[in-house]
Chemist: 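Before I ask anything, let me first share the structure, which is written out below as C-alpha cells.
Order of the sequence lines fixes the chain letters, A, B, ..., with proteins taken first and strands second; residue numbering starts at 1 for each chain.
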Amino acid sequence: MAQLLPDKIITRVTNDWAKSYPNAQTDTDAYVIGAKVIDVRRRAKVLLIDLSSEYSLVIHLKMTGQLVYRGAGVAFGAGHPNDSLIGKLPDKSTRVTIEYSDNSKLFFNDQRKFGWVKLYPTTEVPNIDFFKKVGPEPLSDEFTQADFRQRFLRRPNTNIKAALLDQTVIAGVGNIYADESLWGAKIHPTSLVRDLSAAKTNKLYKELRYVLNLAIEKGGSSDRNYVNAEGKKGSYLSFARVFRREGQPCPRCETAIVKTRVAGRGTHTCPKCQKS
DNA sequence: CACTTGACCTGTCCGC
DNA sequence: TGCGGACAGGTCAAGT
C-alpha cells in the first residue's frame, strides 16, 4: 500500500454498503475527488491514507476486511495472476471501490461488514476517540519493558488475555498474537494481571515483540480468505505454536493443545507449560 | 469506575 | 440434504 498508492489521484469512490463508508455524501467528494495520495500510514490496527486535500481516509479492516489493489484492464477480471486466491473484482464482498486516474482501483472487500472507511480532516485524526484512548505501539523503540508492565497494571483485576486484547493498554494485539505470546511466556491466559511478577511481564514483553516481528516478516496471518493489497496471503499461521492447533502437540512438551474460552474469545493453551 | 457480555454481519462447519 | 446453533481475525455500547 505504502508503495502502491502515493501520487495516485482519486477519480471516484463508490460504496455498496452504507455503513462501510458512513460519511459518504456528495459534499465529501469535494475532499476526495481529484485529491492526490500523499502518504499511507498505520496506527494500531487502523490504516491512514493522507490526501492532498488535507483529509485522510481512515480504514479499519476488523475481522474480514481486505484491501486489494489492481491495475487497469485485465487485472480486474479473468487471467489475473491472483485469481486462485481472489477472483474478478468487484465481487459480492466488495463494499467500497476507490478509482484512480490511471484506471487502477483499490477494492475494500469485507464479508462480515464490520470494517469501514471513514473520512476525516488529517489534523483531526489524533482527536478521534479511538486514537485518544489507544495504547502505545509495542514495537516502537521507545516502548520499554517497564512501560509494558506499568500499562498492564492499570487493569489489575482482569485476566492477562483480556488486558492484552485491550487496545487502550497496548495497540495492535489481536486474538492470534495474544495466544501465541502467552504460550511463549508460559503464562496462562486466565492469570490475573496483579498476580504477574515483573519477570513474567518482562518475558511476555519479549515474546510479544518476537511474535509480532515474526508475523510481519511472514506477511501476517491469513486465516481463510485474507490477502494483502497485492493479492498475496500471509503465512504466520503455519508458524503458530498454539493458535488453531487444538489437539496437536505443544512444540515444547508434546502435551496436546487445548482450546477454551477466555475473555469471550477462542483461546489456545498448553495445559502443562501454561499453568499460571 | 472496572470489568464482562452482547451486538454488529455473513459464511461455514458440525450435530441431529 | 436440511436446519439450528456455535463460531470466526475486532471494537463498541450496554449491562452488572
Chemist: Is there a continuous path of hydrophobic side-chain contacts, each under 4.5 Å between heavy atoms, that joins A:Leu212 to A:Leu214?
Modeler: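 Per the 4.5 Å side-chain linkage, A:Leu212 and A:Leu214 are co-clustered.
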
Chemist: I need the residues from residues 259-267 of chain A with at least one non-hydrogen atom less than 4.0 Å from DNA chain B; give them sorted by number, or say none.
Modeler: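 When residues 259-267 of chain A is checked for heavy atoms under 4.0 Å from DNA chain B, there are no hits whatsoever.
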
Chemist: Does a salt bridge link A:Asp102 with A:Lys8, judged by any charged N lying under 4.0 Å from a carboxylate O?
Modeler: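 Looking at A:Lys8 together with A:Asp102, the answer is yes, because their closest N to O distance falls below 4.0 Å.
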
Chemist: If you round to the nearest 0.5 Å, how far is CG of A:Asp223 from NZ of A:Lys233?
Modeler: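 So the gap between those two atoms works out to 8.5 Å.
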
Chemist: What integer distance in Å separates A:Lys19:NZ from B:dA7:C1'?
Modeler: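 In whole Å, B:dA7 C1' and A:Lys19 NZ are 10 Å from each other.
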
Chemist: Anything under 30° is parallel, anything over 60° is perpendicular, the rest tilted; go ahead and classify A:Phe148 against A:Tyr205.
Modeler: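 Answer is perpendicular, since the angle exceeds 60°.
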
Chemist: Does a side-chain N or O from A:Thr158 land closer than 4.0 Å to OP1 or OP2 of B:dT4, or not?
Modeler: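 For B:dT4, OP1/OP2 do have a side-chain N/O of A:Thr158 under 4.0 Å.
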
Chemist: Work out how far the P atom of B:dG11 is from that of C:dT11, and round it to whole angstrom.
Modeler: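 So the two P atoms sit 22 Å from each other.
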
Chemist: Evaluate whether atom NZ of A:Lys36 has more than 12 neighbouring non-hydrogen atoms of other residues, nucleotides or ligands under 6.0 angstrom away.
Modeler: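 Not buried by this count: 12 neighbours or fewer within 6.0 Å.
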
Chemist: Is a side-chain donor or acceptor of A:Arg245 paired with a backbone partner of A:Thr269 at a separation under 3.5 angstrom?
Modeler: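 Absent.
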
Chemist: Assess whether atom NZ of A:Lys62 is packed by more than 12 heavy atoms of other residues, nucleotides or ligands within 6.0 Å.
Modeler: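 For A:Lys62, atom NZ is crowded (more than 12 foreign heavy atoms under 6.0 Å).
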
Chemist: Is any side-chain heavy atom of A:Ser56 closer than 4.5 Å to a side-chain heavy atom of A:Glu124?
Modeler: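 Contact flag for A:Ser56/A:Glu124 side chains = no.
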
Chemist: Would a single hydrophobic cluster contain both A:Val13 and A:Leu4, if residues Ile, Leu, Val, Met, Phe, Trp and Tyr are joined by side-chain heavy-atom contacts under 4.5 Å?
Modeler: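 Cluster IDs for A:Leu4 and A:Val13 match.
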
Chemist: Please say yes or no: joined through hydrophobic side-chain contacts below 4.5 Å, possibly via intermediate residues, are A:Leu47 and A:Tyr226 part of one cluster?
Modeler: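 Looking at the clustering, A:Tyr226 is in the same group as A:Leu47.
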
Chemist: Fill in the dot-bracket string of DNA chain B, one character per base: . for unpaired, | for a pair to another strand, ( ) or [ ] for pairs within the strand, taking Watson-Crick or G-U pairs under 3.5 Å.
Modeler: .|||||||.|||||||

Chemist: Which part of the nucleic acid, if any, lies within reach of A:Arg244 when heavy atoms closer than 4.0 Å are counted: base, sugar-phosphate only, or nothing?
Modeler: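 Sugar-phosphate, backbone atoms only, no base.
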
Chemist: In this structure, how many angstroms lie between the P atom of B:dC1 and the CZ atom of A:Arg155, rounded?
Modeler: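 The answer, rounded to whole Å, is 12 Å.
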
Chemist: Hey, quick one: are A:Leu106 and A:Val40 part of the same hydrophobic cluster, counting side-chain heavy atoms closer than 4.5 Å, chains of contacts allowed?
Modeler: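 Looking at the clustering, A:Val40 is in the same group as A:Leu106.
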
Chemist: Between A:Arg95 (CZ) and B:dC9 (C1'), how many Å, whole number?
Modeler: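 To the nearest whole Å, that distance equals 9 Å.
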
Chemist: Would you call A:Glu137 and A:Arg43 a salt bridge, using N to O less than 4.0 angstrom?
Modeler: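 Result for this pair is yes, salt bridge flagged.
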
Chemist: Mark yes or no for whether A:Thr28, through its side chain, and A:Ala24, through its backbone, hold a donor-acceptor pair below 3.5 Å.
Modeler: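 No; zero donor-acceptor contacts below 3.5 Å.
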
Chemist: Taking the same atom, P, in C:dG5 and in B:dG6, what whole-Å distance lies between them?
Modeler: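 Comparing P positions in C:dG5 and B:dG6 gives a spacing of 16 Å.
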
Chemist: Strictly below 4.0 Å, heavy-atom distances to any atom of DNA chain C: list the hits from residues 109-119 of chain A, or just say none.
Modeler: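 Of all residues in residues 109-119 of chain A, the ones placing a heavy atom under 4.0 Å from DNA chain C are A:Arg112, A:Phe114.
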
Chemist: Using the P atom as the reference point in each nucleotide, state the distance between B:dC14 and C:dG9 in Å, no decimals.
Modeler: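 After rounding to an integer number of Å, I get 16 Å for this pair.
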
Chemist: Output yes when at least one side-chain N/O atom of A:Asn157 is less than 4.0 Å from OP1 or OP2 of B:dC3, else no.
Modeler: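 So the side-chain polar atoms of A:Asn157 do come within 4.0 Å of the phosphate oxygens OP1 or OP2 of B:dC3, strictly under.
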
Chemist: Looking across every strand, which nucleic acid part, if any, lies under 4.0 Å from A:Ser93 by heavy atom: base, sugar-phosphate, or nothing?
Modeler: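 Nothing, no heavy atom under 4.0 Å.
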
Chemist: Can you tell me, in whole Å, how much space there is between the P of C:dA6 and that of B:dT5?
Modeler: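 So the two P atoms sit 16 Å from each other.
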
Chemist: I'd like to know if A:Trp183 and A:Tyr210 are part of one continuous hydrophobic network [Ile/Leu/Val/Met/Phe/Trp/Tyr, side-chain heavy atoms within less than 4.5 Å].
Modeler: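 Different hydrophobic clusters.
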
Chemist: For A:Lys45, check side-chain contact (heavy atoms from CB on, under 4.5 Å) against everything at least two apart and list the hits.
Modeler: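 Per chain and number, A:Lys45 pairs via side-chain contact (heavy atoms from CB on, under 4.5 Å) with A:His60, A:Gln167.
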
Chemist: Earliest and latest nucleotide of DNA chain C, 5' to 3', sitting under 4.0 Å from a non-hydrogen atom of chain A?
Modeler: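 Span of nucleotides near chain A: C:dC7 to C:dC12.
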
Chemist: In whole angstrom, give the distance that lies between atom CD of A:Glu246 and atom P of B:dC14.
Modeler: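 These atoms are roughly 12 Å apart.
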
Chemist: Can you measure from CG (A:Asn175) to CZ (A:Phe243) and round to the nearest 0.5 angstrom?
Modeler: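 One gets 5.0 Å once the value is rounded to the nearest 0.5 Å.
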
Chemist: Which part of the nucleic acid, if any, lies within contact of A:Tyr236, taking any heavy atom under 4.0 Å across all strands shown: a base, the sugar-phosphate backbone alone, or nothing?
Modeler: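 If one applies the 4.0 Å heavy-atom cut-off, A:Tyr236 turns out to touch nothing in the nucleic acid.
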
Chemist: To the nearest 0.5 angstrom, please state how far the CD atom of A:Glu180 sits from the CZ atom of A:Arg241.
Modeler: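 Result: 5.0 Å between the selected atoms.
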
Chemist: For DNA chain C, find the residues of residues 161-174 of chain A with a heavy-atom distance under 4.0 Å and give them by number; none if there aren't any.
Modeler: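 Hits under 4.0 Å, by residue number: A:Gln167, A:Gly174.
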
Chemist: Categorize A:Phe130 for me: base, sugar-phosphate, or nothing, with a 4.0 angstrom heavy-atom threshold over every strand shown.
Modeler: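 Sugar-phosphate: the residue A:Phe130, judged by heavy atoms under 4.0 Å, touches backbone atoms but no base.
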
